[in-house]
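See structure below.
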Amino acid sequence: MGVSDEVEMSSEVVDTRPLSDSTDLSDEDYPEGGLKAWSVVLGAWCAMVPSMGLLNSLGVLQAWTSTHQLKDYSESSIGWIFGSYGFFLYIAGAQTGPIFDTYGSKFVIIPGSIGIVLSMVCFSLSEEYYQIFLSFSVLGGLSACTLFTPAISTVGHWFNLRRGWATGVACTAGGIGGVLFPLIILYAAPRIGFPWAIRIIALISAILCVCACLLLKTRLPPNKKAGASVDFRALRDLKYASTTAAVFLVEFAVFIPITYIASYAISVGVDDTMSYLLIPFLNVGAIPGRFLPGLVADRVALWTKAGDDLTAVVCYAVFFGFWSGAAISLTPVCISQVCATDDYGKRTGTTFTISSVGTLVGIPIAGAILESDGGEYGGLIVFGGVLYLAATVAFVIARGICVGWSFGVKF
């Protein structure tokens, strides 16, 4: 099906319900807990360990490949590989979300599970730039999307009033994976080789994906009107548009520190082992940040002043992990507040598809800034900090548009 056909199909099936309607169901129609509901959260958690765990491991993968398989390539060229993983993870959401809304989770979770394991096996065999790009960035990113989007959306079928808490619990998976996978690479790769370390990650991912396929179940009736394309018409709703703009900015910024914190530590003289350990430290901070949300920290000052002070760099990694964890876990919750529940998959997919552009270019731009500064990280740090400041302002504006400017009102 061509792009024009998708656009035509989308225009024929647009849902005319107001986007600000949270759902046609009352709050009492949601279980809000119980064995079935929490088993779905567990299934979502299992699906997100491989997909978001790899995303949160970009720093170790970037540091390793830049000194091994890709040592002859520039920072900006390497940045395209890891930016592309996030790009493909998010951009396919426009198709994954509507398929989920129409047919349920199994139609996307099962192919995604097979794809993510296959991508890791192929990645373990890759030596050339194009091989790593195709296996990790393209196949891995697309497969991660078909795990992440339905996992988040399925939780919304079972929780309404407690959706933020349930989603946050599920999103701790990204932090857990971001701790586990770098540790495997750190300790297994020097002993048994990088390829076998990646195959261990593939095995863990396979086990978790089987659990996700068994546990994830939808509850609400399918939405047959969901169209498999980016729904730009949804942006006519100011509440949804302002929320999407804020999400775009935070996704633009979030992977810059995650990707470059380890290589930064190496550049200031920290040994390789401790530099790689910064990624697990960051993700340890992200775990409570998923379910103890907030966006109040200034992420520029601590990293800028850290220099070669290992204590300051570690503190920055943990604090950044906490606050970035909150930003990531709150994103789908914010989207759910400005759309109908049976459109949740489509709206989440559309927002992340738009955000994918920022995810794609953020890391390569940061790499280009690093090169232009002769390997000095000052410009890169300022670039990330300015993006976060803009994202913070955008979220404040979105909140004011959605619920007014009183801080006593819940978004």
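Note that the coordinates shown come from a computational prediction; the quantities given were computed from them, not determined experimentally. The figures here come from the full heavy-atom set of this structure, side chains too, leaving out hydrogens, waters and symmetry mates.
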Residues in side chain to side chain contact (heavy atoms under 4.5 Å, CB included) contact with Ser137, at least two apart in sequence or another chain
Ile81, Ser84, Phe133
Measuring from atom CZ of Arg199 to atom CG of Leu203, what distance do you get when rounded to the nearest 0.5 angstrom?
12.5 Å
Rounded to the nearest 0.5 Å, the CZ atom of Arg219 sits from the NZ atom of Lys36 at a distance of 11.0 Å
Give a yes or no on whether the backbone of Ser76 and the side-chain of Glu371 come within a donor-acceptor separation of less than 3.5 Å.
yes
When rounded to the nearest 0.5 Å, the distance separating CZ of Phe181 from CE of Met120 is 8.5 Å
When you compare the side chain of Leu142 with that of Thr146, does any pair of heavy atoms fall below 4.5 Å?
no
Determine whether Phe248 and Val357 satisfy the following criterion, side chain to side chain contact (heavy atoms under 4.5 Å, CB included), listing intermediate values before the conclusion.
CA-CA 8 Å; Phe248 172 85; Val357 178; 4.3 Å; yes
Do Thr218 and Thr154 have side-chain atoms, one donor and one acceptor, less than 3.5 Å apart?
no
Spell out, as yes or no, whether a donor-acceptor pair under 3.5 Å connects the side chain of Gln62 to the backbone of Leu58.
no
Quick one: side chains of residues 105-113, donor-acceptor pairs under 3.5 Å with protein atoms, not counting sequence neighbours, listed by atom name and distance.
{"residue": "Ser105", "atom": "OG", "partner": "Leu216", "partner atom": "O", "Å": "3.4"}
{"residue": "Lys106", "atom": "NZ", "partner": "Cys213", "partner atom": "O", "Å": "3.3"}
{"residue": "Lys106", "atom": "NZ", "partner": "Leu216", "partner atom": "O", "Å": "2.5"}
{"residue": "Ser113", "atom": "OG", "partner": "Ile109", "partner atom": "O", "Å": "2.8"}

Ile116 to Gly140 - nearest heavy-atom pair and separation:
CD1-O, 3.6 Å
So do the side chains of Val179 and Leu183 get within less than 4.5 Å of each other, counting heavy atoms only?
yes
Minimal non-hydrogen separation, Ala144 against Tyr85, with atom names
CB-OH, 3.4 Å
Starting at OG of Ser57, measure out to CG of Leu186 and round the result to the nearest 0.5 Å.
12.0 Å
Apply side chain to side chain donor-acceptor pair (under 3.5 Å) to residues Tyr90 and Glu251 and explain how you reach the verdict.
CA-CA 10 Å; Tyr90 288 148; Glu251 296 296 341; 3.0 Å; yes
Hey, can you pull the donor-acceptor pairs under 3.5 Å for the side chains in residues 40-54, sequence neighbours left out?
{"residue": "Trp45", "atom": "NE1", "partner": "Thr172", "partner atom": "OG1", "Å": "3.2"}
{"residue": "Ser51", "atom": "OG", "partner": "Ala47", "partner atom": "O", "Å": "3.2"}

Can you check side chain to side chain contact (heavy atoms under 4.5 Å, CB included) on Phe395 and Val247, steps first, answer last?
CA-CA 8 Å; Phe395 270 115; Val247 171; 4.3 Å; yes
So, Ser119 versus Ser143: side-chain donor-acceptor pair below 3.5 Å or not?
no
With heavy-atom distances below 4.5 Å as the criterion, would you say the side chains of Thr359 and Ile91 are in contact?
no
Leu235 and Ile354: CA distance, side-chain angles, deciding distance, side chain to side chain contact (heavy atoms under 4.5 Å, CB included) verdict:
CA-CA 11 Å; Leu235 297 174; Ile354 295 170; 4.0 Å; yes
Distance, nearest 0.5 Å, that separates CD1 of Ile279 from CG of Asn56
9.0 Å
Do Ile185 and Ile201 have side-chain heavy atoms sitting under 4.5 Å apart?
yes
What pair of heavy atoms forms the shortest contact from Gly86 to Leu55, and how long is it?
CA-CD1, 4.1 Å
Say whether Ser126 and Gln69, considering side chains only, have a donor N or O and an acceptor N or O under 3.5 Å apart.
no
Donor-acceptor contact below 3.5 Å, side chain Gln131 vs main chain Glu128:
yes
List the steps, then state whether ring pair (Phe, Tyr, Trp, His ring centres under 6.0 Å) holds for Phe159 with Trp38.
CA-CA 10 Å; Phe159 294 87; Trp38 284 110; 5.0 Å; yes
On a heavy-atom basis, the closest approach of Ala394 and Leu249 is CB-CD1, 3.8 Å
Taking all non-hydrogen atoms of both residues into account, name the closest pair between Gly115 and Leu139 and its distance.
O-CG, 3.8 Å
Could you tell me which non-hydrogen atom of Ile192 sits nearest to which non-hydrogen atom of Ala197, and how far apart they are?
CD1-N, 4.4 Å
Would you indicate whether the side-chain heavy atoms of Phe100 and Thr149 approach each other to under 4.5 Å?
no
Is Ile256 close to Ile365 at the side-chain level, that is, under 4.5 Å between some pair of heavy atoms?
no
For Tyr73, give me all partners under ring-ring contact (aromatic ring centres under 6.0 Å, His included), at least two apart in sequence or on another chain.
Tyr129
Are any of the side-chain heavy atoms of Ile266 and Tyr276 separated by less than 4.5 Å?
yes
Qualifying residues under ring-ring contact (aromatic ring centres under 6.0 Å, His included), relative to Phe194, sequence neighbours excluded
Trp64, Phe123
Show the numbers, then the answer: is there a side chain to side chain contact (heavy atoms under 4.5 Å, CB included) between Ile381 and Tyr260?
CA-CA 10 Å; Ile381 295 169; Tyr260 286 104; over 6 Å; no
For the atom pair OG1 (Thr259) and CD1 (Ile78), what is the distance rounded to the nearest 0.5 Å?
11.5 Å
Pair Ser356-Thr353, side-chain donor/acceptor within less than 3.5 Å:
no
How would you list, by chain and number, every residue that makes a side chain to side chain contact (heavy atoms under 4.5 Å, CB included) with Leu389, sequence neighbours excluded?
none
